[in-house]
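For reference, positions follow the sequence shown, starting with 1. Remember, predicted model here, so these are calculated numbers, not experimental data.
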Amino acid sequence: MSIQQSDVVYTAVATAENGRDGRVATHDGQLDVVVNPPKELGGSGAGTNPEQLFAAGYGACFQGALGVVARNENADISGSTVTAEVGIGKNDEGFGIIVKISAVIPNVDAATAKGLIEKAHEVCPYSKATRGNITVELAV
């Protein structure tokens, strides 16, 4: 379910110059990076790229969602990590992306970890935004 503009409590604003071979900066100056295509896509690989930025955002958001789920279930996720892998490749429409989310949750058993990440995937805003649009694999 989407939200309405009146429900928004924070808006991130970033401006890109020259697409994949330029610069991206947030309006508040907290992020200001050179972007270059990775060598695998024919670029210099000298800067970051949109896939890395998406992976960083998705991973952080998913870790936050995992925390919400864990609190609701009284599960100890201290020391946990979430890794997001964002792949890009050609498809019938040009290019597409695929995501793998891996979580390491040392203080719970494998079945509990699996359940927690599945529930986090249901509530994470990035997961909601991509659901039905791209393949997202979950792993523990």
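For residues 28-38, the pairs satisfying side-chain hydrogen bond (donor to acceptor under 3.5 Å, both in side chains) are Asp21-Asn36, Arg23-Asp32, Thr26-Asp28, with sequence neighbours left out. Sorted by first and then second residue, the side-chain hydrogen bond (donor to acceptor under 3.5 Å, both in side chains) pairs with a member in residues 95-104 form an empty list; sequence neighbours excluded. For the side-chain hydrogen bond (donor to acceptor under 3.5 Å, both in side chains) condition, the pairs that include at least one residue of residues 116-127, sequence neighbours left out, are Tyr58-Ser127, Glu73-Lys119, Lys114-Glu118, His121-Ser127.
Side-chain atoms of Asn107 come within 3.5 Å of backbone N or O of Ser78 as a donor-acceptor pair. A donor-acceptor pair is defined here as one N or O able to donate and one able to accept, closer than 3.5 Å; such a pair exists between the side chain of Asn133 and the backbone of Ala129. In this structure, the side chain of Gln52 engages the main chain of Asn49 through a donor-acceptor pair within 3.5 Å.
The side chain to side chain donor-acceptor pair (under 3.5 Å) check on Thr15 picks up nothing, with sequence neighbours excluded. The side chain to side chain donor-acceptor pair (under 3.5 Å) test applied to Glu85 returns no partner, not counting sequence neighbours. Partners of Asp109 according to the side chain to side chain donor-acceptor pair (under 3.5 Å) rule, which considers only residues two or more places apart in sequence or in another chain, are Thr112.
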Go through the steps to decide whether Ile88 and Leu41 satisfy the test side-chain contact (heavy atoms from CB on, under 4.5 Å), and finish with yes or no.
-> CA-CA 9 Å; Ile88 185 169; Leu41 292 176; 3.9 Å; yes
Should Val8 and Ile3 be marked as a side-chain contact (heavy atoms from CB on, under 4.5 Å) after you check the CA-CA gap, both sets of side-chain angles, and the distance that decides it?
-> CA-CA 8 Å; Val8 172; Ile3 66 172; 4.0 Å; yes
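Shown here for Gly59 and Val82, the closest heavy-atom pair between the two residues is O-CG1, 3.8 Å. Considering every non-hydrogen atom in both Ile98 and Thr135, the closest pair reads CG1-O, 3.5 Å. Minimum interatomic distance between Pro50 and Arg20 (heavy atoms only, all atoms of both residues): CD-NH1, 3.5 Å. Heavy-atom minimum distance, Ala70 versus Ile77: CB-CG2, 3.5 Å. Contact detail for His27 and Thr11: the closest heavy-atom pair is CE1-O, 4.5 Å.
Using a 4.5 Å heavy-atom cutoff, the side chains of Pro125 and Cys61 are in contact. A 4.5 Å side-chain heavy-atom check between Val140 and Val104 finds every atom pair outside the cut-off.
By the rule that hydrophobic residues join a cluster once side-chain heavy atoms approach within less than 4.5 Å of another member, Val86 and Val33 end up as members of separate clusters. If you chain together hydrophobic residues whose side chains sit under 4.5 Å apart, Leu53 and Val13 never meet in one group.
Note: Ile97 CD1 to Ile134 CD1 = 4.0 Å, rounded to the nearest 0.5 Å. Rounding to the nearest 0.5 Å gives a distance of 10.5 Å between CG of Asn72 and CG of Leu116. Between the CZ atom in Arg71 and the CG atom in Asp76 there is a gap of 12.5 Å [rounded to 0.5 Å].
With Phe62 as the fixed residue, the side-chain contact (heavy atoms from CB on, under 4.5 Å) test singles out one of Val136, Ile117, Val123: Ile117.
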